[in-house]
Amino acid sequence: MKIASWNVNSINARLPRILEWFDAATPDVCVLQEIKCLDEKFPVGAFEDRGYNCELHGQKTYNGVALLSKFPVEDVIRGLPGNDDDDQSRYIEAMVFPDDAEPVRVGGLYLPNGNPAPGPKYDYKLGWMAHLKARAEALLKTEEAFILTGDYNVIPQAEDVHNPAAWADDALFLPATRAAFREIENLGLTDALRHLYPYDVFYTFWDYQRGAWQKDHGIRIDHVMLSPQAADRLTSGGVDRTTRDPGFGSQEAKPSDHVPVWITLD
DNA sequence: ATGGTTGGTAGCCAA
């Protein structure tokens with residue numbers, strides 16, 4: 001089964017390109033971030049036509065996440081457990097039941113950006129990461145296969161950014177951010193794409209400004225984190241850079257600044 | 001050091 005994550009930066013502004021990618025990549029499960037709309041404004045029909053069940057946790061203007069699955073889902077959770085006073089829609093989770101594999105729990109997340117740092121937005125980011133760590137700890141105790149994937153807004157290491165010095169004071173790369181990410185990883189989760197490609201340089205986001213895409217000045221901030229039971233089933237994975245190209249597929253809409261990441265499990 | 005680009009919205013804010 002194929003599981004993907006994509007920060008689409010508005011589902012409605014980008015729908016033709018997104019559908020083009022779905023038709024080509026055919027993920028079984030895909031979590032989306034920054035849908036930037038209320039649930040009733042999400043184009044459910046376009047995805048139902050393609051066989052997806054749509055679970056939504058939308059929000060007006062900002063944020064908003066979705067979990068789309070060709071397989072049945074149960075136990076849908078909207079919002080990060082234990083973070084009940086959070087009014088931003090950044091987390092959705094569900095148990096997925098493939099017809100040809102064991103169930104897997106999928107959490108889709110849009111971790112706060114945190115800039116400017118220091119400041120209240122950065123405090124919110126670190127607090128959110130502490131809640132995510134707690135969720136990972138709780139799920140690990142179940143010994144289930146699970147995946148926590150999405151836009152982490154964390155550059156884990158210097159090799160994950162074109163120019164580390166330029167990002168030294170950014171909330172995505174500050175030592176405290178990277179330490180919080182390592183705390184989650186070191187609970188026993190596998191960074192699937194880094195695991196598959198330990199020595200490659202590859203990015204998942206390029207700023208719209210300064211010709212970052214054309215110069216490949218990117219950062220790796222979209223991650224697929226696997227529980228041990230999920231990591232045992234990992235067979236492949238990748239980053240679909242082509243969706244970032246202005247010439248990709250339908251040109252009725254401009255590209256997202258993020259590209260999809262995906263893995264397969266057996 | 002600055003500016004540059006998007007989307008959603010009518011708050012120029014968030015990224």
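What you see below is based on every heavy atom in this structure, not just the backbone, and it leaves out hydrogens, waters and symmetry mates. All values reported here derive from a predicted model rather than from experimental measurement. The sequence lines fix the lettering, A, B, ..., with proteins before strands; numbering per chain opens at 1.
Between Lys121(A) and dA14(B) there is a side-chain polar atom (N or O) within less than 4.0 angstrom of OP1 or OP2.
At the heavy-atom level, Phe205(A) lies nowhere under 4.0 Å from the strands shown. Residue-level contact check: Arg244(A) touches neither bases nor backbone, having no heavy atom under 4.0 Å from any strand.
Of the options Phe205(A), Tyr203(A), Trp206(A), a ring pair (Phe, Tyr, Trp, His ring centres under 6.0 Å) to Trp213(A) is made by Trp206(A) and by none of the others.
For the pair Gln209(A) CD and dG7(B) C1', the interatomic distance rounds to 13 Å; values are reported in whole Å. Between Asp170(A) atom CG and dA14(B) atom P there is a gap of 15 Å when expressed in whole angstrom units. Atom CH2 in Trp206(A) sits roughly 19 Å away from atom C1' in dG4(B) (whole-Å rounding). Rounded to an integer number of Å, the gap from Gln214(A) CD to dT5(B) P is 12 Å. Taking atom CZ on Arg90(A) and atom C1' on dA14(B), their separation rounds to 10 Å, with Å as the unit. If you take CG of Asn63(A) and C1' of dC13(B), they are 12 Å apart, rounded to a whole angstrom. Separating the CZ atom of Arg14(A) from the C1' atom of dT6(B) is a distance of 8 Å, rounded to the nearest angstrom. Protein atom NE2 of His258(A) is 13 Å distant from nucleotide atom P of dG7(B), rounded to whole Å.
Comparing Glu34(A) and Pro255(A) along DNA chain B, the residue whose closest nucleotide (by nearest heavy atom) sits nearer the 5' end is Pro255(A). With DNA chain B read from its 5' end, the first of the two nearest nucleotides for Gly114(A) and Ile11(A) is the one closest to Ile11(A).
The side chain of Tyr208(A) lies closest to dT6(B), out of dA15(B), dG11(B), dT6(B). The Thr61(A) side chain lies nearest to dG11(B) when the options are dG11(B), dA10(B), dA15(B). Checking dG11(B), dA15(B), dT9(B) against every side-chain atom of Tyr62(A), the shortest atom distance belongs to dG11(B). Distances were taken from every side-chain heavy atom of Arg210(A) (C-beta onward) to each of dG3(B), dA15(B), dG7(B); the shortest belongs to dG3(B).
Using a cutoff of 4.0 Å between basic side-chain nitrogens and carboxylate oxygens, Asp257(A) and Arg244(A) are not scored as salt-bridged.
Across Asp222(A) and Val261(A), no two heavy atoms sit closer than the pair O-CG1, 4.0 Å.
dT2(B) and dC12(B) are spaced 23 Å apart, taking the P atom of each and rounding to whole Å. Nucleotides dA14(B) and dG4(B), compared at atom C1', are 16 Å apart to the nearest Å. dG7(B) sits 22 Å from dG3(B) when the P atoms are compared, rounded to a whole Å. Distance noted for atom P between dT9(B) and dT5(B): 22 Å (whole Å).
If you look at Tyr110(A) and Tyr152(A), their ring centroids are not closer than 6.0 Å.
Considering CZ of Arg105(A) and CG of Leu148(A), their distance stands at 10.0 Å, rounded to 0.5 Å. Separating the CG atom in Leu111(A) from the CG atom in Asn153(A) is a distance of 6.5 Å, to the nearest 0.5 Å.
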